[in-house]
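We name chains A, B, ... by the order of the sequence lines, and we start the count at 1 in each one.
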Amino acid sequence: MAKHTDIATVLVEQKTGEQIEVKGWVRAFRANRFIALNDGSGANNLQVVVDYENFDDAIIKDISFHACIAVKGQLIESQGKGQAVELVAESIEILGANELDKYPLQPKRQTMEYLREQAHFRMRTNTFSSVFRLRHALAFAVHSFFNENGFYYMHTPIITGSDAEGAGEMFQVTTLDVNKPARTEDNKIDYSQDFFAKATNLTVSGQLQAEIGAMAMGKVYTFGPTFRAENSNTSRHLAEFWMIEPEVAFADLKDNMDLAEAFVKYLINYVLDKYMDDLKILDAKIQDDEKNMKAELRRPMGLIETLRFVVEDDFARITYSEAINLLRSSKPYKKGKFEYDVEWGVDLQAEHERWLVEKKFKKPVIVTDYPKDIKAFYMRMNEDGKTVAAMDILFPGIGEVVGGSQREERLDVLKARMTEMDVEHDELDWYLDLRRFGGNKHSGFGLGFERIVLFITGMTNIRDVIAFPRTPGNAEF
RNA sequence: GCCUCAGUAGCUCAGCUGGUUAGAGCGGCGGACUGUUAAUCCGUAGGUCGUAGGUUCGAGCCCUACCUGAGGCGCCA
């Protein structure tokens, strides 16, 4: 028996005249004659033509929406419009029939919220199969970009005993009996009896460990799961997400920005180059979604147009202080339209970031040199003693996609900052060692993978770009 | 964690100022159909109006609490 062929391959090679076998799920069965078959290998369906007189009624009856079938036959030039080739069915095997009266999906538009509840089936829809193919492509492109640029992929720990970074609330990892944990004599929980003989958590960032790598391997990156136990209820936050964190020795803040910008553009170019079919499906979906929306709520550009625009143009680069000045002389500020005040020393609010990105520059904006008091202890202090060498990249629609900095390499300055910000020195002694012994200038950033997938797919809720989203109160599947 | 909005058939929604028997489209089911592209046509079944209380002669509609979802904010990536 011939091995079956991926539909994507059949459609690319178009070897008409050949006998082939394909396997997949029925997307539609029209006029008792035409099956739109999809096996997930690509965005496009293969049209299978059935002469029903040649088949049992029972088989014809089982060819229904999302039933799984195998088809053997000859590939021919399509006799109809809409596709180049089609498969003339000579034999059809029902691999898995479908009970339509109980099946939660329907061949019609269904809301993202409803499909989210059907996470075990939603990948069978056009939208989600495209999203997850793009997610795969982008993950692959992450590795390919760094590999091409001389970076080493580093696996930082998922369970960590280090809780000093302060990036967010953490999930505790323990094998102690939560109902009656071991206690010390003064009735505190006795972590010396826990699995790792200390309190441990799921990682909130691999950055500090990546710095260890950079101080030996030069250019490293991590790409792995990250966990935040924040009670964040937004369309841009997950409790479990994937983060990419490059760390580069001998690099200053400008090198860091150049890297981040080149990286993001590489990812976008990668899918523009290789996954246009999926982008077209999502582009069309967005246009369809926006058809009934008021003009001012629609996106100014289509998805593919937006992606091209981002890669063709330089990102805007401004300092935090310049951003404050721009905001204070902006129309919405003068008219009192902002809900929050704009004041040097206070972090930019979402509405301020949105004005900068969507109104002022109309493209991604890199904001640098934030006040030291609103940023982390490890960011390098600038000459002015007030700001640090930090940078955030803000994207239209989703806000902060990248957060990074040049790291403080001066031992005395770093220690002073840790004291100032109440960071335990003892726990991070190894981190200080990196400065004590052969330290160097270095920089890095963190990029939320789902946020960039969100931007590139044009989806609007981060829960729809990860197969099984974890959010407060929800860990289904 | 805070604010706002929503929950009516399997799905997407309509349901007037509180008033008789709860409406549509799609989907399902039964049938027709051999060039369709979200196929089309005919027929048909399907509802504890999120849950629990309350107000009222009378509640899908008003009030209270809770649950679930969405949007926004904060925290961040």
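Rounded to an integer number of Å, the gap from A:Leu115 CG to B:G69 C1' is 14 Å. For the pair A:Met112 CE and B:G69 P, the computed distance is 17 Å after rounding to whole Å. B:A70 atom C1' lies 15 Å from atom CE of A:Met459, rounded to whole Å. Atom C1' of nucleotide B:C75 and atom CZ of A:Phe241 are separated by 12 Å, given to the nearest angstrom. Rounded to an integer number of Å, the gap from CD of A:Glu117 to C1' of B:G50 is 12 Å. Between the C1' atom of B:C3 and the CG atom of A:Asn231 lies a distance of 14 Å, rounded to the nearest Å. Taking atom CZ of A:Phe449 as the reference point, atom C1' of B:C76 lies 19 Å away to the nearest angstrom. Rounded to a whole Å, the CG atom of A:Asn233 is 16 Å from the P atom of B:C76.
The side chain of A:Asn461 has B:G71 as its nearest neighbour among B:G1, B:A77, B:G71. Taking every side-chain heavy atom of A:Arg30 into account, B:U36 is the closest of B:G1, B:U36, B:A70. Each of B:C76, B:A39, B:C73 was ranked by its minimum atom distance to the side chain of A:Ala350; first place goes to B:C73. The side chain of A:Glu230 approaches B:C75 more closely than any other nucleotide in the set B:A77, B:G71, B:C75.
One side chain, A:Gln207 or A:Glu211, offers a donor N or O that lies under 3.5 Å from an acceptor on the other. A:Asn98 and A:Ser64 share no side-chain donor-acceptor pair at under 3.5 Å. Using a 3.5 Å distance cut-off with no hydrogens or angles, the side chains of A:Gln209 and A:Thr156 do not pair a donor with an acceptor.
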Scan nucleotides 25-35 of chain B nucleotide by nucleotide, 5' to 3', and note B when protein non-hydrogen atoms come under 4.0 Å of the base, S if they reach only the sugar-phosphate, - if neither. BBSSSSS-BBB
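Among the heavy atoms of the strands lying under 4.0 Å from A:Thr234 is at least one base atom, whether or not backbone atoms are also near. Using a 4.0 Å heavy-atom criterion, one finds that A:Ile244 contacts no nucleic acid atom at all. Using a 4.0 Å heavy-atom criterion, one finds that A:Tyr114 contacts the sugar-phosphate atoms exclusively. Using a 4.0 Å heavy-atom criterion, one finds that A:Asn474 contacts the sugar-phosphate atoms exclusively. Within 4.0 Å (heavy atoms only), A:Ala36 reaches no atom of the nucleic acid at all. Contacts of A:Arg354 with the nucleic acid, taken as non-hydrogen atoms under 4.0 Å apart, involve only primed sugar atoms and P, OP1 or OP2.
Comparing A:Asp288 and A:Glu113 along RNA chain B, the residue whose closest nucleotide (by nearest heavy atom) sits nearer the 5' end is A:Asp288. Positionally, the nearest nucleotide of RNA chain B for A:Gln349 lies more toward the 5' end than for the other of A:Gln349 and A:Ala239.
You won't find any donor-acceptor pair under 3.5 Å spanning the side chain of A:Ser232 and the base of B:C76, going by distance alone.
Rounded to the nearest Å, the gap between the P atom of B:C29 and that of B:G23 is 25 Å. Rounded to a whole angstrom, the distance from the C1' atom of B:U40 to that of B:G25 is 16 Å. When the P atom is used for both B:A38 and B:A32, the distance is 25 Å, rounded to whole Å. When the C1' atom is used for both B:U68 and B:A52, the distance is 15 Å, rounded to whole Å. Taking atom C1' on both B:C33 and B:C42, the two are 11 Å apart, rounded to the nearest angstrom. As rounded to the nearest Å, B:G15 and B:A77 have P atoms that lie 44 Å from one another. Nucleotides B:C16 and B:A59, compared at atom P, are 16 Å apart to the nearest Å. Comparing the P positions of B:G47 and B:A9 gives an interatomic distance of 11 Å, to the nearest angstrom.
Ring geometry, A:His352 versus A:Phe338: the interplanar angle exceeds 60°, so the pair is classed perpendicular (tilted spans 30 to 60°). Taking the six-membered ring where tryptophan is involved, the planes of A:Tyr221 and A:Phe151 are perpendicular, since the angle between them exceeds 60° and thus also 30°. Taking the six-membered ring where tryptophan is involved, the planes of A:Phe468 and A:Phe477 are tilted, since the angle between them lies from 30° to 60°. Ring pair A:Phe145/A:Phe263 is tilted by interplanar angle, where 30° to 60° counts as tilted.
When both pairing distances are held under 3.5 Å, B:G60 makes no Watson-Crick or G-U pair with any nucleotide shown. For B:U4, the paired nucleotide is B:A70, the pair qualifying as Watson-Crick or G-U wobble because both relevant distances are below 3.5 Å. Using N1 to N3 plus N6-O4 or O6-N4 for Watson-Crick, or N1-O2 and O6-N3 for G-U wobble, each under 3.5 Å, B:U17 pairs with nothing. If you check B:A77 for Watson-Crick or wobble pairing at under 3.5 angstrom, you find it has no partner at all. Checking B:G43 for Watson-Crick or G-U wobble geometry (two distances, each under 3.5 Å) identifies B:C29 as its partner.
A:Pro246 is listed as a side-chain neighbour of A:Phe146, based on a closest heavy-atom distance under 4.5 Å. A:Asn44 places none of its side-chain heavy atoms less than 4.5 Å from the side chain of A:Ile7.
At the phosphate of B:A70, OP1 or OP2 sits under 4.0 Å from a side-chain N or O atom of A:Arg116. OP1 or OP2 of B:G72 has at least one side-chain nitrogen or oxygen of A:Ser235 nearer than 4.0 Å.
A salt bridge (Lys or Arg N to Asp or Glu O under 4.0 Å) with A:Asp464 holds for exactly one of A:Arg236, A:Arg116, A:Lys285; it is A:Arg116.
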